[in-house]
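Shown next, in structure tokens, is the structure this report addresses.
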Number of protein chains: 2
Amino acid sequence: MIRKLESVFTLTDDERQALETLPMQVQVIKADQDVVREGDRPSRSCLILSGFACTYKMTAQGKRQIVSFNLPGDIPDLQSLHLKVLDNSISTISQCRVGFITHETLWDLCIRHPRIAAAFWRETLIDASIFREWVLNVGRREGISRMAHVLCELVVRLRAVDLVEDHACDLPITQGEFADALGFTTVHVNRVLQQMRAEGLIELSGDRLNIPDWDRLKQMGEFDPTYLHLESDQAAA
Amino acid sequence: MIRKLESVFTLTDDERQALETLPMQVQVIKADQDVVREGDRPSRSCLILSGFACTYKMTAQGKRQIVSFNLPGDIPDLQSLHLKVLDNSISTISQCRVGFITHETLWDLCIRHPRIAAAFWRETLIDASIFREWVLNVGRREGISRMAHVLCELVVRLRAVDLVEDHACDLPITQGEFADALGFTTVHVNRVLQQMRAEGLIELSGDRLNIPDWDRLKQMGEFDPTYLHLESDQAAA
DNA sequence: CGAAGCATTGATCGTCGTCAAACAATGTGG
DNA sequence: CCACATTGTTTGACGACGATCAATGCTTCG
């Protein structure tokens with residue numbers, strides 16, 4: 001999974017070796033558990049090895065906003081390498097295998113392999129790009145478009161880590177979690193999804209998503225994958 | 001203005017010199033002009049020397065969403081150093097003095113001065129943090145809170161670059177621009193502002209903002225400046 | 001003085017929130 | 001194996017926040 005990095009540029013043997021032998025503490029975490037919390041001053045970052053997680057923040061009123069979904073291969077709190085105190089929490093959505101890597105070893109890696117450091121920087125920039133797109137999505141798109149857009153993003157990102165077969169994939173995200181990601185209520189998400197099903201845009205039941213007509217969904221979500229800055233452009237598929 | 005960097009750590013003479021002699025092409029740009037556009041593949045980044053700018057994206061429907069305000073000292077497209085194609089546009093809000101620095105010289109700077117590279121990385125991480133907060137703001141806060149929050153952010157960031165006297169500052173942002181930043185319409189922004197004025201939360205007329213009761217505004221906006229990751233905590237003031 | 005841009009106001013409409021309940025699926029323990 | 005607890009989905013009625021449409025002021029500036 002770490003080989004997401006490899007898609008950006010070809011690693012030297014040296015670099016690959018450094019990554020493969022990266023010391024990390026692997027932990028299995030149940031669904032719906034905080035991995036790190038806003039306000040923490042972590043001394044390590046976490047790499048999602050399997051499962052779905054999310055980055056979120058809370059208002060003073062106790063409302064939750066998910067600002068990003070974290071998929072296998074992501075390091076959602078890589079930022080903590082430079083920013084001492086975390087300004088968001090990270091929670092699992094499904095059960096996850098998480099690898100914890102100390103900042104010390106990450107620093108070491110960056111100093112020894114400048115190109116890996118650059119790749120890490122790049123990763124955080126793509127995260128930022130995704131946040132920007134989400135501001136647009138939440139601020140200016142409504143109902144079906146908004147939902148369609150995150151679905152498109154999820155599918156494209158899942159495809160990039162090889163978790164989409166054909167036009168279907170596992171999607172262990174509840175309607176309540178979608179609501180927190182979209183700035184909606186659960187009730188509204190439910191109604192939007194029903195309308196999308198009725199219009200044949202998606203087939204979604206349980207943990208399984210199927211996309212009968214990718215082009216139409218893309219169009220509904222005004223989805224242009226440029227902002228994900230993927231190298232191989234899997235978006236066409 | 002570049003000395004925003006200096007607030008993070010003390011520069012060596014060498015580093016300071018490198019920054020002060022940084023070759024850049026300075027240009028004065030009128031209000032409401034695009035500096036760079038989504039889709040561009042820029043070979044240089046822009047440093048805001050004076051004036052207000054903003055980063056924005058558009059929906060296919062032609063609706064605009066501002067995802068960030070750019071203040072003097074910011075380098076809003078530093079990301080283009082690593083991401084070839086821009087996924088957002090940048091426009092001036094007021095007249096701006098902008099310094100263009102080629103990627104070449106930036107790379108050179110980063111290689112020669114790793115601590116400056118780290119500081120740049122850090123800057124982009126703070127940008128990301130601001131985007132996250134905006135997702136929360138746009139997704140989960142309404143009316144007055146939403147408005148109060150961006151006002152708080154603006155004041156704190158302006159104070160960090162010494163553009164706030166007492167409790168007042170220049171704020172050349174139109175209601176239409178606020179609307180695009182908040183995901184509202186101009187009409188609604190107008191009504192929210194009037195209510196805030198009526199409640200004595202702000203005094204805003206023309207380009208001038210005055211904050212009679214900072215604590216109350218902070219409270220209304222649920223504003224906690226942690227996410228800005230400022231070193232000296234000017235937030236108390 | 002007229003034009004352009006911005007702020008303001010009013011009336012009406014719609015997306016989405018709130019509240020409340022019922023239903024389905026899953027899993028646990030007696 | 002069934003009771004029942006838990007979690008997620010679905011439905012309905014109603015209300016509100018904010019959008020839309022359309023004028024009307026108010027500045028500023030050439």
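Lettering follows sequence order; numbering is per chain, from 1. Atom set for the values below is all heavy atoms of this structure, side chains included, hydrogens, waters and symmetry mates excluded.
- Nucleotide D:dT9 holds its C1' atom 13 Å from the CG atom of A:Asp207, rounded to whole Å.
- What separates CZ of B:Phe178 from P of D:dG18 is a distance of 16 Å, to the nearest Å.
- Nucleotide D:dT11 holds its P atom 13 Å from the CD atom of A:Gln195, rounded to whole Å.
- Note: A:Tyr227 and A:His149 have parallel aromatic rings, judged against thresholds of 30 and 60 degrees for the angle between ring planes.
- Note on A:Thr185: a base of the nucleic acid sits closer than 4.0 angstrom, heavy atoms only.
- Taking B:Asp180 as the reference, A:Arg140, B:Arg64, B:Ile66 meet the side chain to side chain contact (heavy atoms under 4.5 Å, CB included) condition, with sequence neighbours excluded.
- Going from atom NZ of B:Lys30 over to atom C1' of D:dG30 covers 14 Å, rounded to whole Å.
- Between A:Asp180 atom CG and C:dG17 atom C1' there is a gap of 14 Å when expressed in whole angstrom units.
- Side chain of A:Arg191, nearest nucleotide from D:dG18, D:dT9, C:dG17: C:dG17.
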Exercise. Would B:Met220 and B:Ile202 count as a side-chain contact (heavy atoms from CB on, under 4.5 Å) if you check the C-alpha gap in whole Å, the side-chain angles of each, and the deciding distance to 0.1 Å?
Worked result: CA-CA 11 Å; B:Met220 279 307 309; B:Ile202 54 168; over 6 Å; no
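- Rounded to whole Å, the distance from CD on A:Gln61 to C1' on C:dG17 is 14 Å.
- Annotation: side chain of A:Leu151 is in contact with side chain of A:Met196 (closest heavy-atom distance under 4.5 Å).
- Distance, B:Gln175 CD to C:dA7 P: 4 Å, rounded to whole Å.
- A donor atom on one side chain and an acceptor atom on the other are not found under 3.5 Å apart for A:Gln219 and A:Asp215.
- One atom, CZ of B:Phe184, and another, C1' of D:dA19, lie 11 Å apart when rounded to the nearest Å.
- Residue A:Asn190 has no polar side-chain atom (N or O) positioned under 4.0 Å from OP1 or OP2 of D:dT9.
- Listed by residue number, there are no residues of residues 139-153 of chain B with a heavy-atom contact under 4.0 Å to DNA chain C.
- Other residues, nucleotides and ligands contribute more than 12 heavy atoms inside 6.0 Å of the CG atom of B:Asn210.
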Problem set entry | From CA spacing to verdict: side-chain contact (heavy atoms from CB on, under 4.5 Å), A:Met24, A:Leu22 | CA-CA 6 Å; A:Met24 64 181 171; A:Leu22 207 59; 5.8 Å; no
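- When distances run from any side-chain atom of B:Val187 to the nucleotides C:dC16, C:dG10, C:dC6, the shortest one goes to C:dG10.
- With the nearest nucleotide of DNA chain C identified for both B:Glu177 and B:Gln194, B:Glu177 has the one nearer the 5' end.
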